[in-house]
2 protein chains.
Amino acid sequence: MTQRPPLPPDLFDELCPSSLLPFRFGDKWASMVVRCLEDGPRRYSELRVPLGRVTPKALTQSLRGLERNGFVSRTVYADPKLRVEYALTPLGRSTLEPLAAACRWATEHWDELLDAREGGISSIG
Amino acid sequence: MTQRPPLPPDLFDELCPSSLLPFRFGDKWASMVVRCLEDGPRRYSELRVPLGRVTPKALTQSLRGLERNGFVSRTVYADPKLRVEYALTPLGRSTLEPLAAACRWATEHWDELLDAREGGISSIG
DNA sequence: GGTCTTGGTATCCAGATGGTGACCAACCTT
DNA sequence: AAGGTTGGTCACCATCTGGATACCAAGACC
């Protein structure tokens, strides 16, 4: 079904800017989910791969939130066997631009961010 | 001391996009504080005005967080009488751009946001 | 018939977030 | 001397967030 390459398991490794980013989108996992859906619909089990430490509960919760707010659509196929696909709606897709702006900002100011915070990497407050 | 006009008390009224914005910066008040400092340093008591419902504890908390992460500087003057001024650092100032991008996005997609979320205005998920 | 995969749900719990209300010392004004 | 302003702090409490763990039903596979 999916001809696109699978999501790389290390997509959000420790060095990912989002770990230090003072900007947040939705709940903890929302921005990562959106980025995973960037180039097409993905299945629940596909999403679990790059999000390594996410628990099913947390992922479901995040997806439901995104769905409730119209950023993501959920489609169930029972064709040959059960398949659930999550995809960005046009509204969801429109968030990619400001999300990218935040990411650009983070990578540009990465060193300053690390220098500025007293006591090394802690919380994001 | 401050020749600039004072902050308008209605700066963040109910209709302010930030109430529906799925993007967040720091804690609840951080993005509003940053916007208040946009055109120059402000005193603690000045900041309390547009932030209507903020309690001193919450404001202090937010400012300390912004300070800890290098976005805001805190300067105490004891000249004639006590005065504490908060100002954006260059790093803090650099967040204005992505913050504005998020605001532009919100105003552009305002109607879609309202339509998309089921059950009217609730939480931000 | 037993097991695997898929797509979840139920329950519990710790810690973070955020609000309320009281209080406070230093300084200024009246 | 009394009261207001400034810039906070402290204790308490409710809620939200997010993680751990266990479990589960439907279909495919062996």
Side-chain angles (χ1 to χ4, degrees), chain A residues 1-2 6-7 12 18-19 21-22 24-33 36-37 41-69 72-87 121-125, chain B residues 1-2 6-7 12 18-19 22 24-33 36-37 41-69 72-87 122-125:
Chain A
M1 293 298 165
T2 300
L7 295 165
F12 300 112
S18 56
S19 61
L21 204 60
R24 281 185 50 195
F25 170 80
D27 70 8
K28 178 173 177 184
W29 303 97
S31 59
M32 295 185 246
V33 169
C36 287
L37 299 176
R42 298 284 183 179
R43 305 177 58 175
Y44 187 86
S45 43
E46 276 185 287
L47 291 173
R48 295 186 64 171
V49 176
L51 302 176
R53 305 194 168 285
V54 80
T55 61
K57 176 194 151 192
L59 180 54
T60 301
Q61 212 168 258
S62 194
L63 285 166
R64 293 282 183 279
L66 288 166
E67 199 189 348
R68 207 176 31 246
N69 292 300
V72 158
S73 67
R74 176 176 183 274
T75 317
V76 181
Y77 301 96
D79 313 317
K81 56 178 286 187
L82 180 62
R83 212 172 83 245
V84 180
E85 277 194 353
Y86 294 93
I121 305 178
S122 55
S123 75
I124 293 191
Chain B
M1 291 300 167
T2 302
L7 295 165
F12 300 111
S18 57
S19 61
R24 281 185 51 198
F25 170 80
D27 68 11
K28 178 174 177 183
W29 302 97
S31 60
M32 294 186 247
V33 168
C36 287
L37 298 176
R42 297 283 183 180
R43 305 178 57 175
Y44 187 86
S45 43
E46 275 185 287
L47 292 173
R48 295 188 64 172
V49 176
L51 302 177
R53 303 193 170 286
V54 79
T55 61
K57 175 194 151 191
L59 181 54
T60 301
Q61 212 167 256
S62 193
L63 286 165
R64 294 283 183 279
L66 288 167
E67 199 188 350
R68 207 176 30 247
N69 293 300
V72 158
S73 67
R74 178 176 182 272
T75 317
V76 182
Y77 301 95
D79 312 317
K81 57 177 285 188
L82 180 62
R83 212 173 83 244
V84 180
E85 276 195 354
Y86 294 92
S122 54
S123 74
I124 294 192

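Hydrogens, waters and symmetry mates play no part in the numbers below; they use all other heavy atoms, side chains included. Numbers restart at 1 for each chain; the letters A, B, ... are given by sequence-line order, proteins then strands. All of these numbers come straight from a predicted model, not from anything done at the bench.
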Exercise. Roughly how many Å is it from CZ in B:R64 to P in D:dC10, rounded to a whole number?
Worked result: 11 Å
Exercise. Is any side-chain N or O of B:K28 closer than 4.0 Å to OP1 or OP2 of C:dG19?
Worked result: yes
Exercise. How would you label the contact of B:R48 with the nucleic acid (heavy atoms, under 4.0 Å): base, sugar-phosphate, or nothing?
Worked result: nothing
Problem set entry | Qualifying side-chain hydrogen bond (donor to acceptor under 3.5 Å, both in side chains) pairs with a residue from residues 48-60 of chain A, counting only residues at least two apart or across chains | A:Y44-A:T60
Problem set entry | Listed nucleotide nearest any side-chain atom of A:T55, set D:dA20, C:dG7, D:dG8 | D:dA20
For this session: Name the residue closer to the 5' end of DNA chain D, choosing between A:W29 and A:P56 according to the nucleotide with the nearest heavy atom.
Result: A:W29
Exercise. Hey, does B:S45 reach any base, or is it just sugar-phosphate, or nothing, if we go heavy atoms under 4.0 Å?
Worked result: sugar-phosphate
Exercise. Is a side-chain donor or acceptor of B:E46 paired with a backbone partner of B:R43 at a separation under 3.5 angstrom?
Worked result: yes
Exercise. How many angstroms lie between CZ in B:R64 and CG in B:L59, if you round to the nearest 0.5 Å?
Worked result: 9.0 Å
Seminar exercise, completed: When rounded to the nearest 0.5 Å, the distance separating CD of B:E67 from OG of B:S62 is 11.5 Å
Exercise. Is the shortest side-chain N/O distance from A:R43 to OP1 or OP2 of C:dG7 below 4.0 Å?
Worked result: yes
Exercise. Do A:D27 and A:L66 touch side chain to side chain, with heavy atoms closer than 4.5 Å?
Worked result: no
Exercise. Which listed nucleotide (C:dG7, C:dC12, C:dT20) is nearest to the side chain of A:K57?
Worked result: C:dC12
For this session: Determine the contact category for B:Y86: base if any of its heavy atoms lies under 4.0 Å from a base atom, sugar-phosphate if only primed atoms, P, OP1 or OP2 are that close, otherwise nothing.
Result: sugar-phosphate
Exercise. Rounded to whole angstroms, how far apart are CD on A:E67 and P on C:dG7?
Worked result: 15 Å
Seminar exercise, completed: Taken to the nearest whole Å, CG/B:L59 to P/C:dT20 is 14 Å
For this session: Kindly compute the distance separating CZ (B:R24) from OG (B:S31), expressed to the nearest 0.5 Å.
Result: 9.0 Å
Seminar exercise, completed: Here the distance between atom P of C:dT5 and atom CG of A:L47, to the nearest Å, is 18 Å
For this session: Ignoring backbone atoms, test whether A:R24 places a side-chain nitrogen or oxygen under 4.0 Å from the OP1 or OP2 oxygen of C:dT17.
Result: no
Problem set entry | Protein-nucleotide distance (A:L63, atom CG; C:dT9, atom P), rounded to Å | 10 Å
For this session: Nearest whole angstrom, please: distance from the P of D:dA20 to the CD of A:Q61.
Result: 14 Å
Problem set entry | Axial cation check for B:Y86 ring with B:R42, 6.0 Å and 45° limits | no
Problem set entry | Residue A:R74, side-chain atoms from C-beta onward, closest of C:dG8, D:dG7, C:dG19 | C:dG8
With the criterion being N/O to N/O and under 3.5 Å, what pairs connect the protein with nucleotides 25-30 of chain D, and how long is each?
residue	atom	partner	partner atom	Å
D:dA28	OP1	A:P80	O	2.8

Seminar exercise, completed: From OH of B:Y44 across to C1' of C:dC24 the rounded distance in Å is 13 Å
Exercise. Can you tell me how far the CZ atom of B:R74 sits from the CD atom of B:E85, to the nearest 0.5 Å?
Worked result: 12.0 Å
Exercise. What is the distance from CZ of B:R83 to C1' of C:dA26, rounded to the nearest Å?
Worked result: 16 Å
